[in-house]
Visitor: 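I have a structure here, written as C-alpha cells, and I will follow up with some questions on it.
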Amino acid sequence: MKKYLGALLALPMLVFAQQSERVTAQQFVDLQQGQNAHEGFRRAHAKGICVTGEFRSNGSLTDYSNAAVFNKGAHPFVGRFSIAGNNPSAPDLKAPVRSLALSFATSAAQQWRIAMNTPPVMAVSDPHTFYQQIKAIQSGTIAEFFAEHPESADFIAWKDNYQPSGSFAAEQYHSINAFYLTKDNGDKQPVRWAMRPTVNVANTSFDGDDALQNELTERLTSGPVIFDWVFTLATSEDDENDPAVGWPESREQIVAGQIAINDWQKQLNGDCHEINYDPLVLPDGIEATRDPILRARSAAYAESYRRRAVEVFNGAFEEQQND
Amino acid sequence: MTNRFSLTMRIMHWAMAALLISMLAAGLLMVRSLEPWQLSLLTIHKGFGVVAAVLVVVRLVIRLAFSVPPLPQGLSRLQASVAKLSHGLLYALMVLMPISGYLMQYLAGRPVEVFGLFRLPAALSVDIEGYAIFREMHGWLAIVLIALVIMHVGAALHHHFIRKDDVLKSML
C-alpha cells in the first residue's frame with residue numbers, strides 16, 4: 001500500500017519536473033535578448049545589412065514543387081546578411097555564425113521567407129535542449145554540454161573543420177532544417193538546401209567592427225555577389241525531422257539556379273529591417289517537416305518581432321534617423 | 001415557449017460560442033508554445049478566424065432581421081443598460097477580432113492560408129509599425145473578450161439560478 005502511495009505522490013512530481021523543462025517562446029526570447037535588450041532590433045542576429053537581388057531560376061525544381069519561385073526566370077528578393085548575437089554593433093569577425101535571409105514576395109498570396117546559417121546542422125534536436133545549449137554557451141560550460149549530448153556529433157565535426165572566411169560572399173549558408181517540396185498530385189520530397197558561394201576569400205584586409213559589411217559593400221561596387229542554390233534530396237534512409245543529423249554526401253543534389261545580390265542598404269534604411277524572416281512563411285509547393293526546432297521557430301520569431309515592433313512604434317529609432 | 005430566440009439565432013449563438021472559446025484558448029496557447037503542434041494550431045486558428053469573420057456578418061444580418069425576446073421584467077434601468085451595452089460590445093469584438101487578426105498578418109506580409117484551399121493576400125512590402133498596432137490590438141481585444149464572455153456566462157447563470165427567470169432557457 002505504501003508503495004502505491006509513494007508512486008502516487010511521485011507521479012505529479014515527475015510530471016512537474018517534465019513540465020519545468022518546457023521552455024516558452026517568451027523564456028526563449030528573454031534568454032536571447034539578455035539583460036539589456038537593444039530596443040527595436042531583432043533579439044537574435046541583431047546586426048546585419050540589407051541586400052537586394054534576384055534568384056535566377058533554371059526551372060529544374062518544377063518537377064518537385066509548385067512554388068512559383070522555381071519557375072524559370074528571375075525572381076526578386078529582399079535579403080539580409082547578419083551575424084549571430086543580440087548586439088546590433090558587435091564586431092563582425094568575432095561572431096561564430098553568419099547568416100543569410102531571403103524574402104520572396106512573388107505575389108500578395110505567395111510569399112516565402114528563408115533564414116539560413118553557416119552550420120549545416122543543429123547541435124541538438126529540440127527547442128528545449130537548444131535553450132539549454134544557449135545557456136551553456138552563456139555560462140562557459142559548452143564543452144560539458146557537448147559531452148552530455150552525443151547528438152551534437154555532426155555539429156562538432158563541422159565546427160572543428162570550419163574556417164570563417166573573409167567575406168559574407170564566401171560563406172556557405174544552410175537551411176539547416178528540412179522542408180518538403182510538394183506537387184499538387186501529393187508528391188512530397190524532403191530536402192535541405194544551401195547557398196554555395198562562387199568566390200573564395202580566405203581573409204579580408206578590412207578590419208574594425210564592420211569588417212564584413214565594409215568588405216561586402218566594396219565588393220558590390222565591382223559586380224553582383226553570386227551563390228548557387230543547391231538542393232539536397234533525402235532518401236527514405238534519412239530522418240528529415242532531426243536537424244542534428246547530416247545527410248550523406250552521396251545524396252542527389254539539384255542546382256535550382258543562382259542568386260545574384262546586386263545592391264545593399266544600411267539595415268535601418270533598407271526594407272529587410274521590417275521583415276520577420278520566419279522560415280515558416282511558406283508558399284504553395286513547400287511545406288514544413290515535423291522537425292521540432294523548425295516548428296518552434298514561428299512562435300519564437302513572432303515574440304521577438306512583437307517586442308521590436310512595439311519598440312519601433314514607440315520611436316526606438318527616432319534619434320538614429322536624425323543623424 | 002414563446003419567449004425564446006429563433007432556432008437560427010440559437011444555432012448561431014452556440015456555434016459561435018464554441019468557435020470563440022476554442023479560438024481564444026488556441027490563441028493563448030500558440031503565442032507561448034514551442035511544441036511541434038504550435039504551427040498546426042496557428043494555421044487552424046487563422047483558417048477558423050476567416051470562418052468567424054464570415055459567420056459574424058451572417059449573424060449580424062440575422063440579428064437585424066429577427067425580433068428577439070424582450071429583457072425580463074423587473075430589471076433596474078442600470079441592469080438593462082449594462083445588458084444592452086455588453087451585448088453590443090460582444091458583437092463589436094466579434095467583428096474587431098478577425099479584422100485586427102487579418103490586418104496584423106497582412107501588414108507583416110504573411111498570407112493567411114485557409115484550410116489549404118486558398119490564401120488571402122498580404123502586403124508585398126512589410127509595415128512593422130502597422131503590425132505593432134494591430135498585433136497589440138488583437139492581443140488586448142482578446143483579453144477584453146475573455147472578460148466579456150465570463151461576464152456573459154455569469155449573467156446567464158445568475159438569471160437562471162438566482163433570479164429564476166427564462167433568460168438562459170430562451171437560448172436553449
Side-chain angles (χ1 to χ4, degrees), chain A residues 22-29 40 76 78 103-113 126-128 130-131 241 271-278 280-284 287-303 305-315 317, chain B residues 23 25-47 49-50 100-143:
Chain A
R22 299 272 142 191
V23 176
T24 64
Q26 287 68 30
Q27 289 172 307
F28 208 98
V29 175
V78 175
S103 170
F104 289 98
T106 314
S107 67
Q110 298 291 331
Q111 305 208 21
W112 189 9
R113 306 277 148 71
D126 73 85
H128 308 290
F130 186 32
Y131 181 87
N241 298 324
D271 288 339
C272 80
H273 186 65
E274 303 207 2
I275 298 176
N276 170 10
Y277 285 95
D278 174 354
L280 293 164
V281 175
L282 299 168
D284 286 336
E287 283 176 24
T289 55
R290 298 287 305 170
D291 172 347
I293 290 190
L294 177 62
R295 294 238 163 189
R297 286 170 84 168
S298 242
Y301 280 58
E303 178 64 22
Y305 193 56
R306 182 184 185 182
R307 290 184 190 185
R308 71 188 183 95
V310 170
E311 292 157 3
V312 172
F313 180 79
N314 288 332
F317 293 125
Chain B
M23 295 279 286
L28 292 178
L29 278 173
M30 76 200 192
V31 297
R32 303 190 66 78
S33 175
L34 296 176
E35 301 309 309
W37 45 258
Q38 192 271 351
L39 180 65
S40 316
L41 192 64
L42 183 72
T43 310
I44 294 168
H45 180 92
K46 290 175 187 173
V50 174
S100 57
Y102 175 61
L103 286 177
M104 67 181 258
Q105 297 298 310
Y106 179 87
L107 293 166
R110 302 175 67 116
V112 169
E113 189 192 325
V114 184
F115 305 120
L117 300 172
F118 60 93
R119 287 165 200 264
L120 297 179
L124 294 171
S125 174
V126 171
D127 175 357
I128 194 170
E129 294 191 46
Y131 168 83
I133 293 169
F134 291 105
R135 172 63 186 86
E136 295 313 306
M137 189 192 263
H138 197 63
W140 286 107
L141 290 180
I143 290 166

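Here is the naming used below: chain letters follow the sequence lines, and residue numbers restart at 1 for every chain.
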Visitor: Find the distance between CZ (Arg135(B)) and OH (Tyr305(A)) and round it off to the nearest 0.5 Å.
Guide: 12.0 Å
Visitor: For the candidates Glu303(A), Arg113(A), Arg290(A), which exhibits the highest count of non-hydrogen atom pairs separated by less than 4.5 Å from chain B?
Guide: Arg113(A)
Visitor: Relative to chain B, which segment of Glu311(A) carries a heavy atom at a distance below 4.5 Å: side chain, backbone, both, or neither?
Guide: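 Neither the backbone nor the side chain of Glu311(A) comes within 4.5 Å of chain B.
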Visitor: Heavy-atom distance under 4.5 Å to chain B: side chain of Asp278(A), backbone, both or neither?
Guide: side chain
Visitor: Looking at Gly116(B), Pro111(B), Ala132(B), which one has more heavy-atom pairs under 4.5 Å with chain A than the rest?
Guide: Pro111(B)
Visitor: What are the two closest heavy atoms between Gln26(A) and Val31(B), and how far apart are they?
Guide: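 The answer is NE2-O, 3.0 Å.
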Visitor: Out of Leu34(B), Val112(B), Asp127(B), which one racks up the most heavy-atom pairs below 4.5 Å with chain A?
Guide: Leu34(B)
Visitor: What closest approach, in Å, do Val312(A) and Glu129(B) show between heavy atoms, and which atom pair accounts for it?
Guide: CG1-CG, 3.8 Å
Visitor: Answer with side chain, backbone, both or neither: which region of Leu120(B) has an atom nearer than 4.5 Å to a non-hydrogen atom of chain A?
Guide: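 Contact with chain A is through the backbone of Leu120(B) alone.
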Visitor: Does any non-hydrogen side-chain atom of Asn276(A) lie less than 4.5 Å from one of Arg110(B)?
Guide: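 A side-chain contact under 4.5 Å exists here.
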Visitor: Minimum heavy-atom separation for Leu39(B) to Ser298(A), with atom names?
Guide: CD1-OG, 4.5 Å
Visitor: Quick check: do His273(A) and Ile128(B) have side-chain heavy atoms less than 4.5 Å from each other?
Guide: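 They are not in contact (no side-chain heavy atoms under 4.5 Å apart), so the answer is no.
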Visitor: Which heavy atom of Ala302(A) sits nearest a heavy atom of Tyr131(B), and at what distance?
Guide: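 Scanning both residues completely, I find the closest heavy atoms to be O-OH, 4.4 Å.
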Visitor: Just by distance, with hydrogens left out, do Ser33(B) and Arg22(A) show a side-chain donor and acceptor under 3.5 Å apart?
Guide: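 There is no such pair (donor and acceptor under 3.5 Å, judged by atom type) between the side chains of Ser33(B) and Arg22(A).
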Visitor: With a 4.5 angstrom heavy-atom cut-off, could you sort out which part of Glu35(B) is near chain A: side chain, backbone, both or neither?
Guide: both
Visitor: Counting neighbours of CH2 on Trp37(B) that are heavy atoms of other residues, nucleotides or ligands and sit closer than 6.0 Å, is the number greater than 12?
Guide: yes
Visitor: Rounded to the nearest 0.5 Å, what's the gap from CG on Asp284(A) to CZ on Arg119(B)? Could you check?
Guide: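 Separation between the atoms: 4.0 Å.
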Visitor: Given Arg295(A) and Gln38(B), is the side chain to side chain contact (heavy atoms under 4.5 Å, CB included) satisfied, shown in steps?
Guide: CA-CA 7 Å; Arg295(A) 294 238 163 189; Gln38(B) 192 271 351; over 6 Å; no
Visitor: Which bit of Met30(B) is near chain A, if near means a heavy-atom gap under 4.5 Å: side chain, backbone, both or neither?
Guide: backbone
Visitor: Give, as side chain, backbone, both or neither, the part of Thr106(A) having an atom under 4.5 angstrom from any heavy atom of chain B.
Guide: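 Neither the backbone nor the side chain of Thr106(A) comes within 4.5 Å of chain B.
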